[in-house]
Amino acid sequence: MDERTIRKILAEPPLGEELAVHGWLRTIRHSGGLSFLAVNDGSSPAGLQVVCEQSLPGYDHLVKQLATGCALRCRGTLVESPARGQDVELRASAIELLGGADAATYPLQKKRHSFEFLRTIPHLRPRTNALAAVARIRSCLSFAIHAFFRERDFIHVHTPLITTSDCEGAGEMFTVTALEPEQLGGKNPFAADFFGRRAGLTVSGQLQAEIYALALGRVYTFGPTFRAENSNTSRHLAEFWMVEPEMAFCDLACDMAVAEDLLRTLVGRVLDECGDDIDLFDRFIDRGLRQRLEAVRVTPFARISYSEAVQTLEGSGRSFQFPVSWGMDLQAEHERFLCEEVAGGPLIVTDYPRQIKPFYMRQNDDGRTVAAMDILVPGVGELVGGSQREERYDLLRTRMEEAGLDLDAYSWYLDLRRYGSAPHAGFGLGFERLVQFVTGMANIRDVIPFPRTPGSAPC
RNA sequence: UCCUCGGUAGCUCAGCUGGUAGAGCAGGUGGCUGUUAACCACCCUGUCGGGGGUUCGAGUCCCUCCCGAGGAGCCA
């Protein structure tokens, strides 16, 4: 692994040097006795042009075998390119075919494919420009998230994937069981199960993150979450990744400030580190993407309370499919109008009616709203949902009773308010929605390597 | 889960009021000493999603099932 990646070679071209490059052939063009290979090794959207002359050892035999998709080792000298289209190219002295790809059956072609088709070949689609760029941006964002929190003294906590406590209002859980299907009948089959009670895959790490926030101050968790909801949209997955900071001694204003800082920092990081990939999305997927991201980087987010939002919608003169009134949840059309037409960019909506929000959100002094906030972004909708948590024992207990929760099962959660309770707040950021926002990709199934949706988990 | 629109060649699609399927790209063969979605010539490609029905005759009309997409709900 001592060879330089193509990304490194293109960034600082070692002109005149002998190089060895590994990669996959994207296209091959013959012109008389010359062959031009576009070789890509995954390190950058740009590939390296490798030029083969007829004098190359084994040229006639070799060129017949080379086709889109084959794996190659190319040796040669890096030279300035005499033709337009690239600055440098590799003048080949030896080409070694490591793994062939039969052109007649290989599903990927030089031309563009629909994302819908690519979803049918999840084992091959990362070899396309767009899916490879998504993978690089995911990786960049993932590292940037850890860097952001680390720089601010947050502790990364690994919350459990298997859990026995549901986070109320967060959708349906996948059951985790060691029982055989035929053992699942009867009144309480899980008493004989691995954990002695019903367990499931986590729908959120929030409640466990709160435990650690009330011990370590600032924590975050970043991992997969699972929802067994039968939702079939371009913004939902059954398995998705979520970033969930939880901060003690932090109120709603602090919560919003951290979330906004995080988003704008991440966008800046991607612009700095994945500029070539962003250009690819800007050109082929979402025109104007780069400009929008540059604006997000430097412009503070607009803010509006739920009550102001309802007034704005009522006074807009628009006719909505769902009429607006105080107390109802904002519909997708309302969020889109507020975010895309009123704010023209990311928008934070705060202080929702308490009856439409979960039990753990902190009640405001007006008695009818809670200290909640959602961040809406154009094209994606809700990217972040967060709140200040109810730290007052009596108020929390009352709300849990109202919600019909089993207080025994959540006694540990109440204990956090009985011993050393402190104001605290947190939020959840949908990682795939962030990748959608940053890449302009229309469908969430194309911003995660292996999308899990109702009826679909192919490999 | 509901609503809407789709499923025709390897891919992207066309196919009219029913008459027996065709373009581009990909692939193959040949040509071209600087190509860039290369180009030029020729050639090949089909259980029209599955099943049932109407009809002399169905890609086209009807029923049904499966799959996909968009939107809604729910949410991140």
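Residue numbering restarts at 1 for every chain, and letters A, B, ... go by the order of the sequence lines.
Taking the P atom of each, B:A69 and B:U8 are spaced 14 Å apart, rounded to whole Å.
For B:U33, the base has no donor-acceptor partner in the side chain of A:Gln54 [N/O atoms by modelled type, under 3.5 angstrom]. On a pure distance criterion of 3.5 Å, no polar donor-acceptor pair joins the side chain of A:Glu116 and the base of B:G7. On a pure distance criterion of 3.5 Å, no polar donor-acceptor pair joins the side chain of A:Gln109 and the base of B:G27. One donor-acceptor pair, N or O on each side, does fall under 3.5 Å between the base of B:C74 and the side chain of A:His236. On a pure distance criterion of 3.5 Å, a polar donor-acceptor pair joins the side chain of A:Arg433 and the base of B:C75.
In this structure, A:Arg235 reaches the B:A72 phosphate: one of its side-chain N or O atoms is under 4.0 Å from OP1 or OP2. OP1 or OP2 of B:U12 lies within a sub-4.0 Å distance of a side-chain N or O belonging to A:Ser114. A:Arg119 has a side-chain polar atom (N or O) that falls below the 4.0 Å cut-off from OP1 or OP2 of B:A69. When the side-chain nitrogen and oxygen atoms of A:Asn443 are compared with OP1 and OP2 of B:G70, one or more of them lie within a distance under 4.0 Å. A:Arg336 has a side-chain polar atom (N or O) that falls below the 4.0 Å cut-off from OP1 or OP2 of B:A72. Neither OP1 nor OP2 of B:C39 sits under 4.0 Å from any side-chain N or O of A:Ser31.
Using bins of under 30°, 30° to 60° and over 60° for the plane-to-plane angle, the ring pair A:Phe226/A:Phe174 lands in the perpendicular bin. Aromatic ring pairs are classed by plane angle as parallel below 30°, tilted from 30° to 60° and perpendicular above 60°; the pair A:Tyr220 and A:Phe149 is parallel.
The closest donor-acceptor contact from the side chain of A:Arg368 to the backbone of A:Arg354 lies at 3.5 Å or more, if one exists at all.
Of the candidates B:C75, B:G70, B:G34, B:C75 carries the atom nearest the A:Glu382 side chain, counting heavy atoms from C-beta on. Listed nucleotides B:G34, B:G73, B:A76 differ in distance to A:Ser81; the shortest reach to its side chain belongs to B:G34. Of the candidates B:A76, B:G34, B:G70, B:G34 carries the atom nearest the A:Gln86 side chain, counting heavy atoms from C-beta on. Listed nucleotides B:A72, B:C75, B:U35 differ in distance to A:Gln331; the shortest reach to its side chain belongs to B:A72.
Only one option out of A:Glu391, A:Glu390, A:Glu210, A:Arg389 pairs with A:His424 in a side chain to side chain donor-acceptor pair (under 3.5 Å); it is A:Glu210.
A:Arg26 comes within contact range of no nucleotide atom at all, as no heavy-atom separation falls under 4.0 Å. When heavy atoms are screened at a 4.0 angstrom cut-off, A:Val384 is found touching the sugar-phosphate backbone but no base atom. Here A:Glu89 lies in heavy-atom contact (under 4.0 Å) with a base. Contacts of A:Gln321 with the nucleic acid, taken as non-hydrogen atoms under 4.0 Å apart, are absent. Across all strands shown, A:Asp374 has no heavy atoms under 4.0 Å from either base or sugar-phosphate atoms.
A distance cut-off of 5.5 Å between ring centres, combined with a plane angle under 30°, places A:Phe240 in a stacking arrangement with the base of B:A76.
For the residue pair A:Thr225/A:Arg227, the side-chain donor-acceptor check at 3.5 Å is not satisfied.
In this structure, B:U47 is classed as anti because its glycosidic torsion departs from zero by more than 90°.
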